[in-house]
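Down below is the structure, laid out as structure tokens.
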Amino acid sequence: MANRQNRKIKFGDDVSGGAVEEAGTMKNTQTKADTKFVGRQRGRIGKAPVTVDFGSDEDNSEEENEKLATGRKPVDIRLIKQKAAKLLPVRESLPVYQVKNELLAQVRSAKVCVLIGETGSGKSTQIPQFLMDENKKGIAVTQPRRVAAINLATRVSEEYGCVLGREVGYSVRFNNVSNRQTKLKYITDGMLLRELMLDPLLSRYSTVIIDEAHERTILTDLLLGFLKDLIFNKRADDEFKVIIMSATLDAERFSQFFENAPIFFVEGRMYPVERYYLGQPVEDIVDTVIKTVVQLNQTEPTGDILCFLAGQEDIDRVVDTLNKLAPVLPKEAPILVPMPLYAALPSHVQMEVFRPVKANQRKVILATNIAETSVTVPGIRYVVDSGLRKVKVWRHQLGLSTLLIAPISKASAAQRAGRAGREAPGKCYRLYRETDYFKLSDNTEPEILRSDVISPVLMLKKMGVNDILGWHWLENPGRESLVAALQQLYSLNALNDRGQITELGEKMVVLPVAPHLAAVLIRAHELGCLGPVIDIVACLSVDNLLMSPPSERRDEVNERRKDTCKLGTIYGDLLMLKELFDLYISLADNAERKEWCKQLCINFKGFKDVLRVRRQIAEYMGMLKMHEGDGSLDAKLVLKAFLSGFLTNTAIGMPDRSYRTVATGDLVSVHPSSLLFGQRKPAIMYIEYVYTVKGYARAVSMIELEWLQEVAPHLLGSREKIN
DNA sequence: GAGCACTGC
């Protein structure tokens with residue numbers, strides 16, 4: 001350990017002069033110096049200080065918002081107006097306010113415009129307000145994340161001086177704090193897509209603003225595609241306008257997509273961040289992060305440190321080592337307080353990063369990509385960037401996903417560095433060489449290129465697009481991927497043999513789950529087992545519901561799960577979820593539920609989400625006139641319902657105890673987290689197929705060969721051909 | 001006999 005501390009890490013100089021690098025690469029008339037803005041930041045707007053969604057807290061505030069909106073809580077409108085008046089000078093100091101008139105002129109003169117605004121420009125809060133007076137109908141501003149939509153709406157309603165949910169409101173899953181009179185609505189892009197499915201003309205709106213377009217989520221890409229149709233064809237009237245807001249360079253692409261829409265720039269408010277690179281590449285990234293942190297702790301003045309690492313495993317290792325190291329480090333330097341930050345952590349542990357530390361301490365936050373966009377931690381002056389991230393890649397040829405460690409893009413590196421310059425000038429230590437930096441791709445590959453596109457294709461079909469391959473995709477996912485999606489949808493009976501959407505497909509598209517699971521729900525209704533299937537689908541919809549126990553508790557927890565779930569032990573993980581759901585419901589109070597979750601290593605907050613999802617699925621099924629019956633639980637019937645959606649995810653037991661997929665004959669192994677691990681069944685069905693060290697089936701259930709013969713004799717036939 | 005980045009409806 002001592003040796004480790006002695007060897008210093010050498011960083012080169014900040015070669016490029018210190019400005020946040022978006023400036024240098026931007027195709028902009030501004031000079032670098034213009035954008036290297038330094039100044040007092042009065043009232044940070046837009047990304048409000050509290051930007052983390054920690055479940056239960058947010059529940060409360062949303063409920064309260066609803067009360068406000070429906071007027072159940074008495075409000076003093078005079079106070080609200082007073083507060084708004086106080087906020088006006090803050091608004092007027094924002095960069096975007098300085099160009100208000102130019103900007104309005106621009107928007108008036110074009111049907112579509114692209115607006116590049118750097119962090120802190122105030123674009124997301126101010127521009128929609130500028131437009132409120134001149135819009136006959138509503139303005140929708142999309143956000144990729146729920147919390148962002150809620151925070152923006154809350155802030156803007158204060159600035160505007162209204163009760164949240166009246167003139168200014170928001171709409172996100174599980175919460176609609178708006179009414180028909182709402183003039184300005186912040187909305188997740190998923191919700192706007194839903195609205196589009198129900199009202200293809202978006203007739204309630206005269207302006208749609210797509211914010212954070214540079215993030216290139218699948219849903220943003222799709223919205224832009226549909227908006228192109230609207231703006232140039234179905235709603236070519238002067239009334240309808242589209243504004244695309246982006247924080248980075250992709251402007252040219254958006255502009256071209258919308259037939260050379262004008263581009264407008266607004267400068268932001270970022271402090272300069274000096275960047276340092278390594279002289280030599282490193283082998284052990286965990287070790288290098290630790291050395292860098294220890295070293296900069298001894299040489300740099302106050303300010304917290306944010307480190308970006310690829311995933312949980314590396315983060316936990318750094319946290320452990322720093323905890324051991326902290327007491328033996330030189331006493332002159334601040335005491336290091338390491339804190340992990342990744343999505344799978346329980347919310348109270350995530351919250352720790354907002355806790356202030358003592359004067360003689362220094363926070364070191366070890367984070368995944370979650371800190372790049374979703375969570376903004378105040379007080380960061382130093383960023384340590386491993387240059388790595390984990391990315392889930394879908395292989396449509398194999399129908400499986402893999403989780404890979406990959407280098408980040410230049411845009412992502414800039415975003416990470418920028419986290420050090422939000423409140424004061426900062427420093428960023430990149431744990432790679434500058435030559436490696438230059439080799440990085442400019443932008444992160446759009447999500448749609450590495451995901452399965454079954455759901456997007458179904459949406460296109462719903463919107464009446466016949467030529468999927470030739471559609472004006474912002475980013476075409478490619479022929480193979482699209483054909484695979486079409487085939488999947490055809491085999492789910494969502495499309496007929498002429499490629500048109502079926503009645504079943506129309507129903508599937510409105511359900512808030514993946515098409516496979518939507519098919520299962522509808523089939524379950526036909527079979528008369530909708531109730532239990534909704535329970536299970538709701539469980540499957542929640543990430544990290546069953547957590548993996550720490551290694552020392554592994555065997556104990558596995559045994560306890562088996563003891564608790566008798567049906568699960570026979571039929572597999574889907575029935576296990578149903579049993580766990582029923583048990584959870586049957587427990588008297590939250591204290592008891594919490595203890596029970598702990599024993600079985602179940603995410604307590606996750607189960608609360610399950611109940612919320614369950615309620616919503618039941619509600620949507622009700623809208624489709626499909627209601628739950630009240631029959632008793634029939635395990636085999638439930639599994640048959642699931643089989644209708646997961647026919648291709650089946651495998652047959654071989655004499656050597658392995659399983660081979662029915663469709664292709666590939667080898668699959670039951671994941672050791674499954675209750676069926678180590679058991680031998682004639683055939684299995686699984687919800688997910690992931691490749692790590694080998695192909696693993698997850699969420700596994702047993703099926704009978706006869707069921708396959710009944711439902712899909714063609715599949716069994718094709719396998720014989722292969723063999 | 002294993003580990004899981006991040007969102008959205």
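Note on naming: letters A, B, ... go to the chains in the order of the sequence lines (proteins, then strands), and numbering restarts at 1 for each one. Side chains included, hydrogens not; waters and symmetry mates left out as well; all remaining heavy atoms used.
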I need the [atom1]-[atom2] distance between [X] and [N], as an integer number of Å.
{"X": "A/E313", "N": "B/dA2", "atom1": "CD", "atom2": "P", "answer": "13 Å"}
{"X": "A/D221", "N": "B/dT7", "atom1": "CG", "atom2": "P", "answer": "19 Å"}
{"X": "A/K507", "N": "B/dC9", "atom1": "NZ", "atom2": "C1'", "answer": "20 Å"}
{"X": "A/R615", "N": "B/dC9", "atom1": "CZ", "atom2": "P", "answer": "15 Å"}

Would you say the side chain of A/E212 lies within less than 4.5 Å of the side chain of A/T220, judging by non-hydrogen atoms?
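Heavy-atom side-chain distance check fails, nothing below 4.5 Å.
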So do the side chains of A/L309 and A/V289 get within less than 4.5 Å of each other, counting heavy atoms only?
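When only atoms from C-beta onward are counted, A/V289 and A/L309 do touch, with a gap below 4.5 Å.
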Please determine if a side-chain N or O atom of [X] lies less than 4.0 Å away from the OP1 or OP2 oxygen of [N].
{"X": "A/T188", "N": "B/dC9", "value": "yes"}
{"X": "A/T217", "N": "B/dC6", "value": "no"}
{"X": "A/Q616", "N": "B/dC9", "value": "no"}
{"X": "A/R146", "N": "B/dC9", "value": "yes"}

Under the ring pair (Phe, Tyr, Trp, His ring centres under 6.0 Å) test, residues paired with A/F581 that sit two or more places apart:
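With neighbours one apart ignored, the set is empty.
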Which part of the nucleic acid, if any, lies within reach of [X] when heavy atoms closer than 4.0 Å are counted: base, sugar-phosphate only, or nothing?
{"X": "A/D314", "value": "nothing"}
{"X": "A/D189", "value": "nothing"}
{"X": "A/R194", "value": "sugar-phosphate"}

Other residues, nucleotides, ligands: >12 heavy atoms within 6.0 Å of A/E313 CD:
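12 or below, so no.
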Proximal nucleotide (of [options]) relative to the [X] side chain:
{"X": "A/A343", "options": "B/dA5, B/dC6, B/dC9", "value": "B/dC6"}
{"X": "A/S673", "options": "B/dT7, B/dA2, B/dA5", "value": "B/dA2"}
{"X": "A/R173", "options": "B/dC9, B/dT7, B/dG1", "value": "B/dC9"}
{"X": "A/Q312", "options": "B/dG8, B/dT7, B/dA5", "value": "B/dA5"}
{"X": "A/R145", "options": "B/dA2, B/dG8, B/dG1", "value": "B/dG8"}
{"X": "A/K390", "options": "B/dA5, B/dG1, B/dT7", "value": "B/dA5"}
{"X": "A/P512", "options": "B/dG8, B/dA2, B/dC9", "value": "B/dC9"}

Please round to the nearest 0.5 Å and tell me the distance separating atom OG of A/S171 and atom CD of A/E195.
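It comes to 5.5 Å.
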Side chain of A/Y186, backbone of A/S124: donor and acceptor closer than 3.5 Å?
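Between the backbone of A/S124 and the side chain of A/Y186 there is a qualifying donor-acceptor contact (under 3.5 Å).
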Most 5' of A/N558 and A/D543 on DNA chain B, judged by nearest nucleotide
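Its nearest nucleotide being more 5', the pick is A/N558.
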Which sits closer to the 5' end of DNA chain B, A/V513 or A/A344, going by the nucleotide each is nearest to?
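Going by which nucleotide is closer to the 5' end, it is A/A344.
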Residues from residues 688-697 of chain A lying under 4.0 Å of DNA chain B - heavy atoms:
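Hits under 4.0 Å, by residue number: A/T692, A/V693, A/Y696.
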A/A524: partners by side chain to side chain contact (heavy atoms under 4.5 Å, CB included), with sequence neighbours left out:
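Applying side chain to side chain contact (heavy atoms under 4.5 Å, CB included) to A/A524 gives A/C529, A/L530, A/V533, A/A641.
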Considering the options A/V610, A/I534, A/V613, A/L580, which one meets the side chain to side chain contact (heavy atoms under 4.5 Å, CB included) requirement together with A/C539?
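Only match with A/C539 under side chain to side chain contact (heavy atoms under 4.5 Å, CB included): A/V610.
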